[in-house]
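Residue numbers begin at 1 in each chain, while the letters A, B, ... track the order of the sequences.
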Number of protein chains: 2
Amino acid sequence: MATIRDVSKIAGVSVATVSRTLSKPDKVSAKTRKIVEAAIKKTNYKPDMLARNFRTRKSSTIVVLVPDIANPFFSRVIRGIEQTAQSLGYAVLLGDTQGLRTREYTYANMVRTSQTDGIIQLDCHIPFEDGIDTSAPLVNACDCIRGTDIPSVELDNVTAAQKMTEHLISLGHINIGLITGPLSSTVTKDRLKGYKNALKKNAIAINDTNITVGDYSISSGTLAANDLFKNKTPPSAIFCMNDEMAIGAIQQAKKNGLNVPNDISIAGFDDISFAEFCDPPLTTISQPAEEFGTKAMSMLYDVINGNEPENKNTYLPFELIIRDSTGPNKRI
Amino acid sequence: MATIRDVSKIAGVSVATVSRTLSKPDKVSAKTRKIVEAAIKKTNYKPDMLARNFRTRKSSTIVVLVPDIANPFFSRVIRGIEQTAQSLGYAVLLGDTQGLRTREYTYANMVRTSQTDGIIQLDCHIPFEDGIDTSAPLVNACDCIRGTDIPSVELDNVTAAQKMTEHLISLGHINIGLITGPLSSTVTKDRLKGYKNALKKNAIAINDTNITVGDYSISSGTLAANDLFKNKTPPSAIFCMNDEMAIGAIQQAKKNGLNVPNDISIAGFDDISFAEFCDPPLTTISQPAEEFGTKAMSMLYDVINGNEPENKNTYLPFELIIRDSTGPNKRI
DNA sequence: CTAAAAAATGTAATCAATTACATTTTAATT
DNA sequence: AATTAAAATGTAATTGATTACATTTTTTAG
């Protein structure tokens with residue numbers, strides 16, 4: 001493999017000139033530039049990134065921490081990250097953490113060892129209490145941690161969940177079940193708050209047996225729905241905090257001989273691509289998944305370069321998508 | 001940030017000894033090892049990977065070329081890759097190519113510039129005709145190119161498609177539609193071959209109007225299905241080359257007032273997690289997605305280290321999953 | 001045409017680790 | 001105790017690009 005020295009010899013110039021031809025061509029006279037470019041072509045020279053990264057002290061790589069790459073919502077976010085990263089000259093390392101702290105640690109440490117220039121975190125645990133390097137360029141996307149000044153791209157989950165709950169109320173539902181995610185995450189807490197807000201606003205009592213906890217998986221949706229169906233007065237509508245759980249809940253409803261939406265309304269969250277093709281098509285909240293990624297990446301770019309991002313906490317818009325899985329309460 | 005020199009000073013040994021303590025501890029006496037380890041702890045030293053990678057001439061990074069990270073099958077494969085990579089000391093760069101050759105080029109070139117030590121390719125185009133660096137460690141997973149000696153992890157797509165077609169035939173279907181992917185890929189060609197094999201074996205004439213081309217997206221499934229429904233004698237069963245297209249086809253069937261499977265049987269391929277939760281649940285071929293990833297990664301590891309992988313073309317098992325979207329032909 | 005300013009180019013240090021080879025220390029053998 | 005072999009440690013070169021600073025060349029201004 002040709003090095004910059006080979007090129008400089010063939011072109012009859014110094015290595016500095018070759019380097020400059022590549023990185024600051026306007027600092028080189030047109031004549032030598034041509035000579036050097038010819039030499040580069042002749043030798044098929046490509047700068048060694050290992051050497052360049054080492055010398056410039058940056059990896060031009062960022063890592064994205066994701067609990068599960070196979071989650072269709074996260075994979076769209078990552079697609080957005082990758083696109084913007086590419087256009088900004090960064091490569092994207094995949095940090096599938098499977099929710100394990102040790103793996104988060106491993107990947108977060110890559111900043112300290114210069115393997116990576118920054119971190120985008122899709123579910124938020126870092127920085128840990130016990131003093132992980134907090135100076136690492138870090139941006140949270142989708143989820144966030146309250147009370148820190150870590151830049152984030154979020155949805156107004158409170159309002160979104162409130163809107164969805166109000167949609168169900170507007171259909172005449174009073175007894176509304178909820179299937180949450182793990183209560184540790186801010187996203188879940190916010191959506192729960194939105195659900196409660198809507199009930200309060202409409203003077204509907206909050207019934208704790210209507211609130212069940214899932215883990216954002218399809219199977220947890222079936223389980224939680226089944227629990228709700230066993231209530232003394234089962235809900236006439238269920239709001240699930242993501243589409244997967246809603247799909248699980250629909251399946252369980254059908255298994256129990258219930259028609260969706262005639263006997264029970266079921267709503268989701270995220271608007272994954274399969275939501276539209278469920279039976280019945282799912283009422284849900286759509287989020288601009290790719291935009292979470294692109295925005296997070298450009299914010300991280302700012303942070304890496306020492307610039308305060310414009311909006312430290314950016315909120316992206318959502319949309320209530322009404323399909324056929326929700327309908328009027330017919331039990332009244 | 002502490003360097004190896006800081007540690008060596010504090011420990012009162014040479015940098016070589018510090019380096020050895022880390023990489024070949026058995027070459028260092030127990031006494032000095034303890035001293036060095038104490039100094040490392042004291043300084044909170046972490047070796048700079050940029051320097052190490054530069055010096056050792058390897059990035060400890062591999063790149064995975066995937067046409068679309070948001071595809072649920074591919075994202076499972078990637079999960080497998082990531083897991084094995086991690087355990088082998090490799091980081092995984094994400095190369096979402098969106099099917100664009102220029103992006104494939106960009107990522108493939110990372111091997112030449114030492115940014116990455118090897119490539120796993122999930123849809124196969126590289127090496128291109130026009131002489132990209134063929135010496136790059138490369139493994140194909142899921143798809144492959146015939147007539148090269150590039151190691152690959154594959155499914156026996158011919159047999160799998162044949163099995164599925166035979167399943168439909170066994171249900172009494174004779175007029176069987178097919179929705180393929182883009183005909184350029186080996187996977188598609190093989191599945192087409194399997195379909196034809198089954199028909200021939202059962203002395204059923206191959207009807208070209210029964211074969212339509214999709215692009216593995218849901219919407220292409222609806223379109224292709226609609227085409228098939230317009231045939232003079234529409235098929236009583238449709239075999240779709242992936243689950244997404246099957247989901248699209250089911251939707252189109254319902255839209256046309258057809259009951260699945262009573263009026264028409266529809267089958268998919270891949271067994272993505274939503275297949276089980278379709279309405280009706282999808283008959284499909286399940287593939288060990290994660291295993292494609294783990295196997296491909298360990299093969300790539302061999303190739304990178306100059307060892308011929310044991311089975312240059314590894315075949316993974318598949319399983320015919322019969323659910324409710326296929327049933328007896330009632331039009332006879 | 002000359003002096004000063006600006007532009008272009010070159011020299012060599014630098015980044016932080018690894019490692020071949022040299023040297024010193026320790027252990028083993030007689 | 002002397003000799004040899006083995007183990008431990010140290011010295012310094014090396015990796016390939018970038019870049020501060022020095023030097024040379026070109027341009028501009030008077």
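- Between the NZ atom of B/Lys46 and the C1' atom of C/dA17 there is a distance of 16 Å, given to the nearest Å.
- Using cut-offs of 30° and 60° on the angle between ring planes, the pair B/Phe54 and A/Phe54 is parallel.
- Side chain of B/Ser8 to main chain of B/Ser14: no donor-acceptor pair is present (N/O by atom type, distance under 3.5 Å, no hydrogens or angles).
- Per the geometry, CZ belonging to A/Arg52 stands 19 Å off P belonging to C/dA16, to the nearest Å.
- A salt bridge does not link B/Asp96 to B/Arg103: none of the charged side-chain nitrogens sits closer than 4.0 Å to a carboxylate oxygen.
- The interatomic distance linking B/Lys24 (NZ) with D/dA7 (P) rounds to 16 Å, in whole Å.
- In this structure, the CE atom of A/Met1 is 11 Å from the P atom of D/dA17, given to the nearest Å.
- Spacing between atom CG of A/Leu50 and atom C1' of C/dT18 amounts to 13 Å, rounded to whole angstrom units.
- Side-chain atoms of A/Ser152 and A/Asn313 include a donor-acceptor pair closer than 3.5 Å.
- Distances shown here put every side-chain N or O of A/Arg57 at or beyond 4.0 Å from the OP1 or OP2 atom of C/dC15.
- Side-chain atoms of B/Thr116 never come within 3.5 Å of backbone atoms of B/Met110 as a donor-acceptor pair (strictly under, hydrogens ignored).
- The salt bridge (charged side-chain N to carboxylate O under 4.0 Å, His left out) check on A/Glu308 picks up A/Lys312, with sequence neighbours excluded.
- Computed from coordinates, the B/Arg112 CZ to D/dG16 C1' distance equals 15 Å when rounded to whole Å.
- Not one side-chain nitrogen or oxygen of A/Tyr45 sits closer than 4.0 Å to the OP1 or OP2 atom of D/dG16.
- If you check every strand for non-hydrogen atoms under 4.0 Å, A/Lys58 touches nothing.
- Within 4.0 Å of A/Ser19, counting heavy atoms only, lies at least one base atom of the nucleic acid.
- Centre separation under 5.5 Å together with a plane angle under 30° does not hold for the ring of A/Phe54 and the six-membered base ring of D/dT15, so they are not marked as stacked.
- Straight-line distance from the CG atom of A/Leu22 to the P atom of D/dT18: 7 Å, rounded to whole Å.
- Looking at residues two or more places apart in sequence or on another chain, you find a salt bridge (charged side-chain N to carboxylate O under 4.0 Å, His left out) between B/Asp190 and B/Arg146.
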Completion exercise
A correct 5'-to-3' footprint of nucleotides 7-13 of chain C, with B, S and - meaning base, sugar-phosphate only and no protein heavy atom under 4.0 Å, is -SBBBBB
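- Residue A/Ile40 contributes atom CD1, which lies 14 Å from atom C1' of D/dG16 at whole-angstrom precision.
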